[in-house]
Amino acid sequence: MKDIGIDLGTANVVIYVKGQGIVLNEPSVVAIDSDTKKVLAVGNEANEMLGRTPGKIKAIRPMKDGVIADFDITGAMLDHFIKKAIGKRILKPRILICCPSNITQVEKTAIVEAAEHTGARKVFLEEEPKVAAVGAGLDIAKPSGNMVIDIGGGTTDIAILSLGGIVNSESIRIAGNTFDNDIVKYIKDKHKIIIGDRTAEQIKKEIGTVYDSSKEETMEVKGRDAVSGLPRTITVTQEEIESALKEDAMKLVRATKSVLEQTPPELSADIVDKGIILTGGGALLEGIPQLLKEELQVPVFVADSPLTCVAEGTGVLLNHLELLDN
Ligand code: ADP
Ligand code: MG
């Protein structure tokens with residue numbers, strides 16, 4: 001009997017199958033026919049359609065801001081991914097799903113029902129920070145404080161853990177997508193060029209930084225001239241992108257500070273010693289660890305595989321079901 005773990009992220013879904021490891025890693029995107037509401041494509045295939053779809057085909061991210069925008073579509077996406085990951089051979093697996101920490105009870109129930117619908121024997125739901133911590137290799141069962149910041153696409157989860165539980169946490173809507181939007185806005189305001197979200201994400205990954213860009217890298221960017229409406233190519237510098245991202249990066253720093261300020265002193269002392277661990281794709285944004293380290297004066301580390309460590313964490317927890325809440 002195989003158990004499976006699912007990282008149901010706002011940007012990506014990653015699935016872990018016990019005994020096999022990570023078997024699926026695709027964007028959480030669904031393409032639908034907006035007239036009939038029929039699902040046309042899911043994951044990689046649907047992602048290719050984002051921003052490039054003709055009239056009635058709509059590519060959407062059903063989990064976009066860490067809340068479930070559409071239950072039916074989320075259910076269809078989950079169903080598609082589970083079937084793709086395990087095929088039809090496995091009978092009644094146990095499924096551990098890791099969801100954004102700020103979703104409501106109604107949303108939780110909807111996710112569990114969607115997973116049960118695929119034939120699961122038992123569905124466990126666990127909050128992301130705990131699973132991310134475990135996936136990053138932290139021993140959360142000890143009476144010692146650990147701090148994790150998971151920077152995803154739609155949300156950043158900041159949490160202090162001890163004795164297997166979350167002591168204090170906050171989920172904010174400043175994450176990877178926010179930085180993409182900052183870049184879109186900057187290029188529009190400064191260069192009068194309209195670019196799409198995917199181009200902005202590319203710029204972020206290639207030359208984006210939030211800390212002291214002394215390297216002065218540049219990048220050619222193609223977009224649509226806001227005035228003439230014609231395609232145009234411009235060159236943007238790393239320094240410009242840093243200025244575009246800085247304000248929201250500092251909001252993330254301040255949210256982290258406020259979580260630290262509300263933390264019991266003994267646990268704070270542990271964090272000064274052990275540092276903060278960063279997970280989620282946003283941890284790969286250049287300068288994030290340096291900025292947090294400088295502003296908070298504590299050591300900051302990036303997990304080995306920030307994009308897959310939540311799924312790895314589900315793998316560990318499936319072997320230690322006693323660590324789960326439900
Ligand atoms: P979620 O858990 O919400 O699905 P992920 O942990 O998969 O999110 O992270 C997705 C986010 O990470 C996206 O906003 C993406 O742009 C960002 N990201 C991925 N790789 C990089 C990189 N190399 N540099 C900066 N951001 C990155
Ligand atoms: Mg995530």
Side-chain angles (χ1 to χ4, degrees), residues 5-10 14 16 63 65-68 96-109 111-112 123-175 252-280 282-283 292 296 298-303 306 309-326:
I6 304 175
D7 170 10
L8 185 62
T10 63
V14 188
Y16 177 101
M63 308 277 304
D65 300 310
V67 290
I68 299 179
L96 167 59
I97 303 182
C98 178
C99 56
S101 62
N102 58 342
I103 66 168
T104 62
Q105 195 54 48
V106 176
E107 291 173 318
K108 284 183 182 168
T109 307
I111 291 177
V112 170
V123 180
F124 304 95
L125 213 57
E126 190 57 88
E127 288 182 352
E128 187 152 18
K130 189 167 147 184
V131 189
V134 170
L138 303 181
D139 181 356
I140 60 163
K142 291 211 176 95
S144 167
N146 285 296
M147 184 167 201
V148 183
I149 306 179
D150 181 278
I151 310 173
T155 57
T156 294
D157 283 333
I158 305 163
I160 311 265
L161 302 118
S162 179
L163 278 173
I166 294 175
V167 177
N168 191 8
S169 72
E170 192 173 353
S171 182
I172 56 168
R173 298 230 173 129
I174 293 184
L252 206 155
V253 168
R254 282 195 291 276
T256 308
K257 260 188 191 154
S258 95
V259 171
L260 275 170
E261 280 161 10
Q262 295 155 24
T263 299
E266 296 296 344
L267 298 181
S268 294
D270 295 339
I271 290 152
V272 171
D273 289 339
K274 290 193 287 189
I276 300 173
I277 192 117
L278 303 182
T279 63
L292 285 163
L296 306 171
V298 289
V300 177
F301 307 96
V302 178
C309 82
V310 170
E312 307 276 3
T314 64
V316 176
L317 287 172
L318 285 168
N319 287 325
H320 294 279
L321 293 176
E322 74 281 1
L323 284 172
L324 296 176
D325 290 334
N326 48 357

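Note that the coordinates shown come from a computational prediction; the quantities given were computed from them, not determined experimentally.
- Using a 4.5 Å heavy-atom cutoff, the side chains of Glu128 and Asp7 are in contact.
- The local environment of CD in Gln262 is crowded, with over 12 non-hydrogen atoms from other residues, nucleotides or ligands closer than 6.0 Å.
- We find the CG-OG1 distance between Leu96 and Thr314 to be 5.5 Å, quoted to the nearest 0.5 Å.
- Using a 4.5 Å heavy-atom threshold, the side chains of Leu278 and Leu292 count as touching.
- Rounding to the nearest 0.5 angstrom, the gap separating the CG atom in Leu296 from the CD1 atom in Ile271 is 11.0 Å.
- Using a 4.5 Å heavy-atom cutoff, the side chains of Leu260 and Met147 are in contact.
- The salt bridge (charged side-chain N to carboxylate O under 4.0 Å, His left out) search around Lys142 returns Asp139, not counting sequence neighbours.
- In this structure, OH on Tyr16 lies 7.5 Å from CG on Leu318, to the nearest 0.5 angstrom.
- Counting heavy atoms from C-beta outward, Asn146 and Ile277 have side chains that stay 4.5 Å or more apart.
- Considering only heavy atoms from C-beta on, Ile97 comes within 4.5 Å of Val123 through its side chain.
- At a threshold of 4.5 Å between non-hydrogen side-chain atoms, the residues Ile140 and Val134 count as touching.
- The residue from Ile160, Ile149, Val167 that alone fulfils the side-chain contact (heavy atoms from CB on, under 4.5 Å) condition with Val259 is Ile160.
- With sequence neighbours excluded, the residues forming a side-chain hydrogen bond (donor to acceptor under 3.5 Å, both in side chains) with Thr279 are Asp150, listed by chain and number.
- Here the CG-OG1 distance, from Leu125 to Thr109, works out to 9.0 Å after rounding to the nearest 0.5 Å.
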